[in-house]
There are 2 protein chains.
Amino acid sequence: SLRRIKASGLKLQLCTNETQATRESFVRKLRALGFDISVAQVTAPAPAACHLLRERGLRPHLLVHHDLVPEFAEIDKTNPNCVVLGDAAENFTYTNLNEAFRLLIGMEKPVLISLGKGRYYKETDGLKLDVGAYMKALEYACDIQAEVVGKPAKRFFESALAELGVPPEQAIMIGDDIVNDVGGAQQCGMRALQVRTGKFR
Amino acid sequence: SLRRIKASGLKLQLCTNETQATRESFVRKLRALGFDISVAQVTAPAPAACHLLRERGLRPHLLVHHDLVPEFAEIDKTNPNCVVLGDAAENFTYTNLNEAFRLLIGMEKPVLISLGKGRYYKETDGLKLDVGAYMKALEYACDIQAEVVGKPAKRFFESALAELGVPPEQAIMIGDDIVNDVGGAQQCGMRALQVRTGKFR
């Protein structure tokens, strides 16, 4: 169906909440599966966060997956004044969580940026707590509210639309998640279509 | 002042949210410091949880501090139908958190019992996330509400009063925490006194 969209002349942008790998490796995987996609056609939470960090002069402490770190290569990370939280998987250690917490609680106005708010996800070896759970832990401990980058945040869809150069009423979002995909897109004035594949139940 | 209370003939019960050690070792520490206290004079979250588990026929999976495990020695822990969460410290690993989550999400009606809801505490090497933060993570991931045993839960103070054999209006709670000590006690009809020591700021 991606090939048919391409042939039709319609513009295409992939919106993913993937935060365990760079867009480069994400695209490499898709291309290996036969999808003709470029890095510029992928909107993902990490680059959206980088945009926000630059805009506001924020220097992050990263608690993210090891494979995602290259996305932040050009961001100043010295003397952090915010924490960026992703699905860090094995990096969610007691030590790393306490370190992120200490940095936050030590800030005059703690800023926590979360690359999503998923509850959990499934891997071959079973269910895993997703970034949203750890976000809630830090929110509670610091008595703050995280800023969520990624689906279903309005800003996330807006940046995908900007990439396409298309107004919301001329775009349609297609996804399998009723909250992250359909709800998020509708919130910013796009139409949305839910497919009964992937995690649809 | 404990000696003066004793000499006056007033009854005394210590209410602690300590969940990193058994009452036995807690009392040993206090006695070494010169306080004449017995195990029966200590109301703590773990024995309160054991009482609740027995009452409701619950078999816990424990995610608690290693040193607290003996408090649950006589509780049936086979084929768990609830999770008991304490300040597990180094036991708060990615693996252990996922395990507790998987057990909960796999239950028809997930039951999470938390031995407190503290946000953080201070140790010699810095601030640490307390049990409340991990409780929030599991609550969010499973879309449930934990049952909190320990201060400031009403039931916790009631069990201390039962131990003393004294009605709430004849008891006074003395503590340094405005929420856990003073608020909790007042909620169950006791008077309360805040001392400006310990963690008072």
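Each chain gets a letter, A, B and so on, in the order the sequences are listed, and its residues count up from 1. Computed over heavy atoms, backbone and side chain alike; hydrogens, waters and symmetry mates excluded.
With a 4.5 Å cut-off on non-hydrogen atoms, B:Asp125 touches chain A through its backbone but not through its side chain. In this structure, the portions of B:Asp143 lying under 4.5 Å from any heavy atom of chain A include both its backbone and its side chain. Both the backbone and the side chain of A:Ala89 come within contact range of chain B, each with at least one heavy atom under 4.5 Å from a heavy atom of that chain.
Ring planes of B:Tyr134 and B:Phe92: parallel class, angle under 30° (limits at 30 and 60°).
Looking only at distances, no side-chain donor or acceptor of B:Asn17 sits under 3.5 Å from a matching main-chain atom of B:Gly150.
Comparing A:Cys142, A:Ala137, A:Gly126, A:Gly118 by heavy-atom pairs within less than 4.5 Å of chain B, the highest count is held by A:Ala137.
Note on B:Arg102 versus B:Glu99: no salt bridge recorded, every NZ/NE/NH1/NH2 to OD/OE distance being 4.0 Å or above.
Under the 3.5 Å distance criterion, with hydrogens and angles disregarded, a donor-acceptor pair is assigned to the side chains of B:Tyr121 and B:Asp87.
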